Structures are given as C-alpha cells and as structure tokens.
Amino acid sequence: MSLTDIQERINRAEIKANRTKGDVTLIAVSKVQPNDRVAAILASGHRIFGENKVQEAASKWPEFRETYSDVDLHLIGPLQTNKVRQAMALAQSIHTLDRPKLATTIARIAQEEGHCPDLYIQVNTGAEPQKAGVLPQDADDFIKDAIALDLPIKGLMCIPPADEEPSLNFALLAKIAHRNGLTGLSMGMSSDFESAIALGATHVRVGSAIFGDRVYE
Ligand SMILES: *Cc1c(COP(=O)(O)O)cnc(C)c1O
C-alpha cells in the first residue's frame with residue numbers, strides 16, 4: 001500500500017468514528033527498512049517516523065535531518081537507561097516509559113539538558129510476562145509518580161498480545177488514560193489501526209503496510 005492509501009484509510013476511520021479528519025497522527029515506522037524506501041517517503045512529504053532502537057535511529061536520522069530538518073522522530077522500542085541521553089537528543093517523542101528507574105533517569109537528564117521529549121507510558125495491557133510496560137493495575141500510581149517528577153506525559157501506549165482481540169486492549173488503554181486525565185493514545189499498527197482509531201487512538205504506528213515487509217538479516 002502507498003502512504004496515500006494508508007492516510008485515506010485513517011481519514012475514513014476518523015470520520016466513521018465521528019472524529020475530526022486529521023485528528024490522528026500517522027507515525028511511519030521505518031525500523032529495519034532500507035534507506036531508499038525511507039527516502040521515498042520523506043520525498044513524498046511525510047515527516048513523522050518511528051524507530052525501535054536508539055542505535056539504528058542514530059545511524060540513520062542525523063543524516064536524513066541534514067536534508068529534512070523538520071523530521072519528527074518517535075522512539076517506540078524498549079529503552080535502556082544507558083541510552084537515555086542519546087535517545088533524548090534524537091527523538092521528539094518517547095513512547096516506552098515503562099519503569100521508575102527510567103522515569104528518574106529521564107527526569108535527571110531533562111534537568112541537565114534543559115529539554116525533554118514528549119513521553120508516553122507503555123502499559124502491558126495483556127499482562128504478558130515477556131512484554132515491557134507497566135501492568136494495568138500499577139498504571140495509575142506510575143502515571144501519578146511520573147507527573148510528580150515534572151515529566152511531560154502526553155499519554156499511554158500499548159502493543160496488544162498477538163493472539164488477542166486488539167480492541168479489548170485499546171479500550172482498556174483508553175479507559176486508563178481517561179481516568180488519569182491523559183489525552184494521548186499511541187495504539188494501532190498495520191493490522192489494526194482502524195479499530196484503534198475507533199477506540200480513540202491519537203497516534204497510530206504503521207510500518208509494514210507502508211514500507212512493505214521488514215527483511216531481517
Ligand atoms: C514494528 C512496530 C510497529 C509497526 O508494526 P507493523 O505491523 O509493521 O505496522 C508498531 N509499533 C511498535 C512498537 C513496533 O515495534
């Protein structure tokens with residue numbers, strides 16, 4: 001599918017959900033994709049991208065930014081504390097705040113550097129042992145603690161379990177965000193972004209539907 005096709009599907013889903021057209025931000029997830037595919041999407045005018053790994057983002061985006069200074073980069077993968085400073089220098093948003101140590105590290109470096117990316121708290125909506133994110137029952141306390149650290153918490157993010165109806169996870173994330181006064185919802189990927197939009201997604205993270213399958217080497 002082309003980027004235009006995806007954008008049209010997003011707009012149709014917005015209208016169907018009685019939302020304003022243009023409400024939802026499309027994050028084009030460029031992880032693992034060859035640079036020529038990314039360059040083509042940049043040339044078409046899109047500027048909002050998602051990367052999973054700090055290392056990969058660092059090897060790719062500073063160079064693209066020499067041509068496209070207005071790139072808006074979202075880090076959507078797990079973040080180690082020793083990579084926080086680099087991540088904060090590279091990305092305008094981090095979607096994977098998921099533990100107290102990471103929150104205090106980001107807060108300290110934000111003080112030192114005088115700026116902080118927009119932050120989303122990852123919630124492990126399916127309570128999967130192998131998956132990152134705070135558990136749903138711990139989310140309210142974690143959100144309050146993060147806000148008390150003066151962190152710019154914009155909303156919540158989730159990755160539903162592969163074998164579950166994603167809508168239940170999206171609805172749970174929306175419910176937790178709403179009761180905590182948060183408006184941002186980073187949810188929905190290539191296979192389920194339309195149902196995420198129906199349930200209030202503000203940011204959808206779409207990779208393979210735009211770029212084609214990822215080829216891991
Ligand atoms: C890779 C990835 C995506 C994009 O997945 P697709 O199925 O290719 O759209 C979205 N979110 C996260 C967190 C990812 O790691």
Side-chain angles (χ1 to χ4, degrees), residues 1-11 13 22 24-98 102 106 109 113 115-120 122 131-133 154-155 157-160 162 166 184-194 196-197 201-217:
M1 285 224 163
S2 72
L3 182 72
T4 317
D5 295 330
I6 300 296
Q7 194 58 63
E8 276 171 12
R9 282 173 59 188
I10 289 173
N11 292 149
V24 176
T25 300
L26 169 59
I27 301 171
V29 178
S30 49
K31 66 179 185 204
V32 188
Q33 300 291 352
N35 278 348
D36 59 333
R37 287 192 198 163
V38 181
I41 299 295
L42 278 163
S44 79
H46 194 77
R47 292 292 180 269
I48 308 165
F49 291 84
E51 288 286 342
N52 231 31
K53 295 194 169 130
V54 176
Q55 212 59 41
E56 187 183 343
S59 74
K60 197 186 287 185
W61 286 100
E63 206 171 320
F64 280 134
R65 276 216 172 98
E66 287 174 15
T67 313
Y68 303 101
S69 59
D70 53 347
V71 161
D72 179 8
L73 193 63
H74 295 248
L75 186 72
I76 60 171
L79 180 55
Q80 294 167 266
T81 45
N82 64 0
K83 299 233 170 77
V84 167
R85 195 180 299 273
Q86 195 182 12
M88 287 172 67
L90 275 168
Q92 282 62 54
S93 301
I94 295 174
H95 290 233
T96 46
L97 174 53
D98 64 352
L102 187 56
I106 292 174
I109 295 174
E113 303 282 345
H115 86 100
C116 190
D118 287 346
L119 299 174
Y120 294 78
Q122 183 173 357
K131 202 167 264 176
K154 300 297 172 184
M157 176 272 211
C158 76
I159 308 171
L185 286 171
S186 167
M187 57 189 197
M189 321 199 327
S190 289
S191 59
D192 55 20
F193 65 87
E194 280 140 327
I197 290 169
T202 58
H203 293 70
V204 292
R205 311 177 307 264
V206 181
S208 44
I210 295 171
F211 292 100
D213 287 340
R214 287 178 289 275
V215 179
Y216 291 91
E217 288 178 356

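Because the structure is predicted, anything quoted here is derived from the model rather than measured.
Salt-bridge formation is not detected for the pair Lys31/Glu56: no Lys NZ or Arg NE/NH1/NH2 atom is positioned less than 4.0 Å from an Asp or Glu carboxylate oxygen.
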- Task: Would you please test Val29 and His74 for side chain to side chain contact (heavy atoms under 4.5 Å, CB included) and show each step?
- Result: CA-CA 9 Å; Val29 178; His74 295 248; over 6 Å; no
- Query: Where do Met187 and Asp192 land on the side chain to side chain contact (heavy atoms under 4.5 Å, CB included) test, with the steps shown first?
  - Reply: CA-CA 9 Å; Met187 57 189 197; Asp192 55 20; over 6 Å; no
- Item | Intermediate values then yes/no, side chain to side chain contact (heavy atoms under 4.5 Å, CB included), Leu26 and Ile48 | CA-CA 7 Å; Leu26 169 59; Ile48 308 165; over 6 Å; no
- Query: What do the steps show when you test Thr81 against Leu102 for side chain to side chain contact (heavy atoms under 4.5 Å, CB included), and what is the final call?
  - Reply: CA-CA 6 Å; Thr81 45; Leu102 187 56; 4.3 Å; yes
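Under the side-chain contact (heavy atoms from CB on, under 4.5 Å) criterion, Ala89 pairs with no residue at all, not counting sequence neighbours. Glu113 is linked by a side-chain hydrogen bond (donor to acceptor under 3.5 Å, both in side chains) to Arg85, counting only residues two or more places apart in sequence or in another chain. The side-chain hydrogen bond (donor to acceptor under 3.5 Å, both in side chains) check on Asn11 picks up Glu14, with sequence neighbours excluded. For Ala39, the side-chain contact (heavy atoms from CB on, under 4.5 Å) test picks out Phe64, with sequence neighbours left out. In terms of the side-chain hydrogen bond (donor to acceptor under 3.5 Å, both in side chains) criterion, residue partners of Glu51 (sequence neighbours excluded) are, by chain and number, Ser30, Lys60, Trp61.
A side-chain donor-acceptor contact under 3.5 Å links Arg205 to the backbone of Ser186. Side-chain N or O atoms of Thr96 include none that pairs as donor or acceptor with a backbone N or O of Ile76 at under 3.5 Å. Within the 3.5 Å criterion, the main-chain N or O of Leu73 finds a donor-acceptor partner in the side chain of Gln92. Counting only distance, with no hydrogens or angles, the side chain of Lys154 and the backbone of Ser93 share no donor-acceptor pair below 3.5 Å.
Under the 4.5 Å side-chain criterion, counting only non-hydrogen atoms from C-beta, Val204 is not in contact with Glu194. Using a 4.5 Å cut-off on side-chain heavy atoms (C-beta onward), His95 and Ile27 make contact. In this structure the side chain of Val24 never reaches within 4.5 angstrom of the side chain of Phe193, judged on heavy atoms.
Atom OG1 of Thr67 is separated from atom CG of Leu42 by 8.5 Å, given to the nearest 0.5 angstrom. Rounded to the nearest 0.5 Å, atoms CD (Gln7) and CG (Asp5) are 11.0 Å apart. In this structure, the separation between CE on Met157 and CG on Leu185 is 12.0 Å, given to the nearest 0.5 Å. With rounding to the nearest 0.5 angstrom, the NZ atom of Lys131 is 13.0 Å from the CG atom of Asp98. Taken from CG in Leu119 to CG in Leu75, the straight-line distance is 10.5 Å, to the nearest 0.5 Å.
No hydrogens or angles considered: nothing links the side chains of Gln86 and Lys83 as a donor-acceptor pair under 3.5 Å.
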For residues 207-215, which side-chain N or O atoms pair as donor and acceptor with protein atoms under 3.5 Å away, sequence neighbours left out?
unit_1, atom_1, unit_2, atom_2, d
Ser208, OG, Ser190, OG, 3.4
Arg214, NE, Tyr216, OH, 3.1

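Taking the six-membered ring for Trp and the full ring otherwise, the centers of Tyr120 and His203 sit less than 6.0 Å from each other.
Shown here is Lys53, whose NZ atom has no more than 12 heavy atoms of other residues, nucleotides or ligands within 6.0 Å.
Between Leu90 and Val54, the shortest heavy-atom distance links the atoms CD1-O, 3.9 Å.
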